[in-house]
Trainee: 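The structure under discussion is supplied below as structure tokens; questions concerning it will follow.
The chain is numbered in sequence order, starting from 1.
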Amino acid sequence: MSVVVPIMIGVGYVCLMSLIREPHRRRFNAIMVAGAGAAYLSGGGFGPWEFAFTAVMTYCAYRGLESWTFVGIGWLLHTGWDLLHHLHGNPIIPFADHSSLGCAICDPVIAVWCFSGGPSVIGLLRVRLVRSRVG
């Protein structure tokens, strides 16, 4: 399993999210955390613990509506859940054995971006280009 592809997926996610203006970007990402929390419900393999995890992720998503920190926490919690599913042999995509491991590599990339306040990568690049032209 390549580490590069999941990292690139995380970077691609961050770039796509950069197209959404604030505060909608943070709120949209909170909704994404809620969805990630429910990703294993249809056959995750941990029984009632899947519902408990979904409840914790729903709380993070709710708090994430107003806080990038909670969105980041949600992505890190999902990373841990992905690792448990990988070790348990119950991947997020049943026909892709390493899908949970890939997700566990991708999610921290997104979490780091969230902990930095979810800045627009496109906006940051624009500022750098303008500064390089002026300076």
Trainee: Can you confirm whether Val71 sits close enough to Ile110 that some side-chain heavy atom of one is under 4.5 Å from a side-chain heavy atom of the other?
Mentor: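 No, side chains not in contact.
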Trainee: So do Leu77 and Cys60 actually touch side chain to side chain, heavy atoms under 4.5 Å?
Mentor: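 They are in contact (side-chain heavy atoms under 4.5 Å apart), so the answer is yes.
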Trainee: Just how far is it from atom CG of Leu101 to atom CD1 of Ile105, taken to the nearest 0.5 Å?
Mentor: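 It is 4.5 Å, given to the nearest 0.5 Å.
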Trainee: So how far is it from Cys114 SG to Leu76 CG, rounded to the nearest 0.5 Å?
Mentor: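 That separation rounds to 9.0 Å.
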Trainee: Does the separation of the ring centres of Trp75 and Trp113 fall below 6.0 angstrom?
Mentor: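 Centroid separation for Trp75 and Trp113: 6.0 Å or greater.
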Trainee: Look at the side-chain heavy atoms of Ile, Leu, Val, Met, Phe, Trp and Tyr, link any pair under 4.5 Å apart, and say whether Val109 and Ile9 land in one connected group.
Mentor: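 Shared cluster, no.
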Trainee: Is there a side-chain contact between Phe115 and Val112 in this structure, where contact means two heavy atoms from C-beta onward sitting under 4.5 Å apart?
Mentor: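 With C-beta onward as the side chain, the pair stays apart.
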Trainee: Donor-acceptor pair, Thr79 side chain versus Asp107 backbone, under 3.5 Å?
Mentor: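 Side chain of Thr79 to backbone of Asp107: no pair is present.
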Trainee: Should Trp49 and Ile92 be counted in the same cluster of Ile, Leu, Val, Met, Phe, Trp and Tyr side chains packed under 4.5 Å apart?
Mentor: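 Linked, Trp49 and Ile92 end up in one cluster.
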Trainee: Can you give me the closest heavy-atom contact between Ala104 and Pro108, atom names plus distance?
Mentor: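 What the structure gives for the nearest pair is O-CD, 2.9 Å.
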Trainee: Go through Met8 and Val4 one step at a time and tell me if the side-chain contact (heavy atoms from CB on, under 4.5 Å) criterion holds.
Mentor: CA-CA 6 Å; Met8 294 303 293; Val4 175; 4.0 Å; yes
Trainee: Please work out which of the three classes, parallel, tilted or perpendicular, describes the rings of Phe53 and His78, given edges at 30° and 60°.
Mentor: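 Tilted: the ring planes of His78 and Phe53 meet at 30° to 60°.
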Trainee: Tell me whether the rings of Phe70 and Tyr59 are parallel (<30°), tilted (30 to 60°) or perpendicular (>60°).
Mentor: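 Phe70 and Tyr59: perpendicular rings.
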Trainee: Can you confirm whether His86 sits close enough to Trp81 that some side-chain heavy atom of one is under 4.5 Å from a side-chain heavy atom of the other?
Mentor: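 They are not in contact (no side-chain heavy atoms under 4.5 Å apart), so the answer is no.
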Trainee: Tell me, do Trp68 and Glu22 make a side-chain contact under 4.5 Å, heavy atoms counted?
Mentor: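 Yes - at least one pair of side-chain heavy atoms lies under 4.5 Å apart.
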Trainee: Can you name the nearest heavy-atom pair linking Val5 to Ser2, along with the distance?
Mentor: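 Val5 and Ser2 have their closest heavy atoms at N-OG, 3.8 Å.
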Trainee: Please find the pair of heavy atoms, one from Gly45 and one from Asn90, that lie closest to each other, and give the distance.
Mentor: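 In this case the closest contact between Gly45 and Asn90 is CA-ND2, 3.1 Å.
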Trainee: Would you indicate whether the side-chain heavy atoms of Leu41 and Thr54 approach each other to under 4.5 Å?
Mentor: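 The answer is yes; the side chains approach within 4.5 Å.
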Trainee: Provide the closest heavy-atom pair for Ala30 versus Gly64 in the form atom of the first, atom of the second, distance.
Mentor: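 Answer, listing the atom of Ala30 first, then Gly64: CB-C, 3.6 Å.
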Trainee: How far does OH of Tyr40 sit from NE2 of His85, to the nearest 0.5 angstrom?
Mentor: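 Reported value, rounded in 0.5 Å steps: 5.5 Å.
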Trainee: Minimum heavy-atom separation for Leu84 and Phe46, please, with both atom names.
Mentor: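 That would be O-CZ, 3.8 Å.
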Trainee: Does Gly118 offer a backbone N or O that forms a donor-acceptor pair with the side chain of Arg25 under 3.5 Å?
Mentor: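 At least one qualifying donor-acceptor pair exists.
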Trainee: Hey, could you give me the CZ/CD1 distance between Arg26 and Ile31, rounded to the nearest 0.5 Å?
Mentor: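 Reported to 0.5 Å precision, the distance equals 11.5 Å.
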Trainee: Give every donor-acceptor pair under 3.5 Å between a side-chain atom in residues 11-21 and any protein atom, sequence neighbours left out.
Mentor:
| from | atom 1 | to | atom 2 | distance (Å) |
| --- | --- | --- | --- | --- |
| Tyr13 | OH | Asn29 | OD1 | 2.6 |
| Ser18 | OG | Val14 | O | 2.9 |
| Ser18 | OG | Val121 | N | 2.8 |

Trainee: If you compare all heavy atoms of Ser100 against all heavy atoms of Pro91, which two are closest, and at what distance to 0.1 Å?
Mentor: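 Nearest pair, atom of Ser100 first, then Pro91: OG-CA, 3.2 Å.
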